[in-house]
Amino acid sequence: MYRVLTVEGSAKRSVFKTVHGTVETPAFMNVGTVAAIKGAVSSEDLKELGCQIELSNTYHLHVRPGDEVIKKLGGLHRFMVWDRPILTDSGGFQVFSLASLRKIKEEGVYFNSHIDGRKIFMGPEQSMQIQSNLGSTIAMAFDECPSSLAERDYVHASVDRTTRWLIRCKDELARLNSLPDTINPDQLLFGINQGAVYPDIRIEHAKTISELDLPGYAIGGLAVGEPNEVMYDILDRVVPYLPKDKPTYLMGVGTPVDILESVSRGVDIFDCVYPSRNGRHGHLYTHHGTVRLLNAKYELDPRPIEEGCNCPCCRKYSRAYVRHLLKAKEMLGMRLCVLHNLYFYNRLMQEIRDALDNGCFESFKRGMLASLAEDNEK
RNA sequence: GUGGGUAUGGCGCAGUUGGCUAGCGCGCCAGAUUGUGGCUCUGGAGGCCGUGGGUUCGAGUCCCACUAUCCACC
């Protein structure tokens with residue numbers, strides 16, 4: 001299923017085979033929370049952008065349109081017409097991001113829907129049932145993502161509960177996968193490491209969940225406000241305790257720099273809203289730093305967002321035109337910007353894989369870090 | 001032409017019985033944003049308060065004239 005091809009330091013170049021196709025890693029998952037990449041990007045577009053695997057969200061699809069609806073329509077792949085791998089986030093992060101609307105108990109979490117305010121209960125079993133109805137390739141464990149500022153005692157108790165939840169997730173998914181009418185009987189479960197910024201709690205947790213022999217492991221609860229150096233330090237300490245023969249997924253990360261630094265620390269898979277959300281807001285990534293397209297200095301700029309970029313936006317359109325579209329709040333402006341950013345991220349991952357294949361990742365990384373730090377003011 | 005209303009940053013407006021460096025929304029300029037509520041947040045620039053007189057210790061606020069504009073009526 002998962003095979004390491006080459007290693008350079010802690011960096012890994014691997015292939016991860018699933019029933020929905022192979023993911024070449026290091027890989028970036030393009031984020032389509034509600035079974036769509038925001039910004040009018042279709043699943044056809046995703047293929048053109050080089051997307052290998054897409055991420056959707058359990059909580060959001062549960063509240064709308066409802067996982068039962070998607071199951072009746074044949075599962076998420078058929079629903080959104082995407083035949084490559086899909087990872088569904090468990091809803092655990094919403095415990096954290098919608099914190100003002102929730103109550104956490106041993107059995108699970110009581111939410112208020114952000115759509116209509118109605119009460120929702122989600123525990124490990126519910127999350128697995130929803131993800132089973134969606135039929136994603138990879139289901140994520142239902143976890144709690146404690147604040148990076150949380151007290152040590154709280155984090156300790158939270159992580160213990162997350163472990164108990166993980167065992168319940170594993171049991172429940174095994175049961176669901178064996179049911180006759182299940183959408184994807186080969187659905188995989190990834191466990192999630194937590195522990196905020198306490199290395200000893202994280203390491204202990206990593207050891208514990210590794211023993212459950214799941215097909216993959218994620219590191220959650222990072223890049224939520226703590227300094228970058230802290231995140232890198234946690235990765236240095238924790239990744240060695242996760243199985244090397246399984247994919248390692250760093251949740252919610254990150255900037256191009258974060259990705260380079262994390263690959264060199266052994267991470268295989270990433271996801272982040274940056275390319276899509278920032279794209280919608282005119283914050284564009286290039287190999288030579290970011291372009292804030294809404295800045296006045298681009299008003300008359302006839303160049304593409306990035307010279308030499310082969311994305312659907314850069315092949316045709318000028319900064320001036322796309323800037324105008326964003327200013328006018330035309331959907332096309334967002335779309336073109338998101339297309340560029342996702343193309344950039346997917347291409348960056350391809351470049352990382354090529355460098356690993358050629359055994360020159362460290363020098364590639366040094367050069368790319370220098371290039372990304374350029375001002376792009378010209 | 002007559003009567004009445006209104007004139008405050010690019011636009012739309014607040015400005016209490018006249019009282020310290022005239023506010024707000026949008027827009028504009030710049031910055032944040034890491035398992036996405038097509039958001040949200042943080043800064044910044046920009047105003048001789050229509051013009052000219054007057055009353056007062058002090059006027060965006062009161063008085064007069066003028067100009068512009070809106071409404072009603074001949």
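Proteins get letters first, then strands, A, B, ... in listed order; numbering begins at 1 in each.
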Taking only side-chain N and O atoms of N57(A), does any of them lie within less than 4.0 angstrom of OP1 or OP2 on G35(B)? no

Margin query: Is R292(A) close enough to A30(B) that one of its side-chain N or O atoms is under 4.0 Å from OP1 or OP2 there?
Written below: no

Please report the C-alpha distance between R202(A) and N193(A) in whole Å, then the side-chain angles of each, then the deciding distance to 0.1 Å, and finally whether the side chain to side chain contact (heavy atoms under 4.5 Å, CB included) criterion is met. CA-CA 7 Å; R202(A) 279 202 178 261; N193(A) 172 251; 2.9 Å; yes

Per nearest nucleotide of RNA chain B, the residue lying toward the 5' end, A223(A) or G39(A), is A223(A)

Next on the checklist: Please tell me whether F270(A) and F28(A) form a close aromatic pair, meaning their ring centres lie under 6.0 Å apart.
Outcome noted: no

Describe, in one word, how the ring planes of Y285(A) and F344(A) are oriented to each other, choosing from parallel (under 30°), tilted (30 to 60°) and perpendicular (over 60°).
-> parallel

Taking for A296(A) and for G92(A) the nucleotide of RNA chain B with the nearest heavy atom, the one nearer the 5' end belongs to A296(A)

* **Nearest-Å distance once atom P is located in both G37(B) and G46(B)** => 37 Å

With heavy atoms under 4.0 Å as the rule, sort L87(A) into base, sugar-phosphate or nothing. nothing

- Does the side chain of H281(A) get closer than 4.0 angstrom to OP1 or OP2 of G38(B) through an N or O atom? no

Kindly check if the number of other-residue, nucleotide or ligand heavy atoms within 6.0 Å of OH (Y232(A)) is above 12? yes

Here the helical stems involving RNA chain B, each at least 3 consecutive Watson-Crick or G-U pairs closer than 3.5 Å, sorted by first residue number, are B:1-7 with B:67-73, B:10-13 with B:23-26, B:28-32 with B:40-44, B:50-54 with B:62-66

Review point. In whole Å, what separates the P atom of U51(B) from that of C11(B)?
Key: 15 Å

- Pick the P atom in A30(B) and in U34(B), then give their distance to the nearest Å. 22 Å

Under a 4.5 Å cut-off applied to non-hydrogen side-chain atoms, are M128(A) and L189(A) in contact?
-> yes

| message | Is the terminal nitrogen or CZ of R152(A) (NZ for Lys, CZ for Arg) located under 6.0 angstrom from the six-membered ring centre of Y198(A) and within 45° of that ring's axis? | response | yes

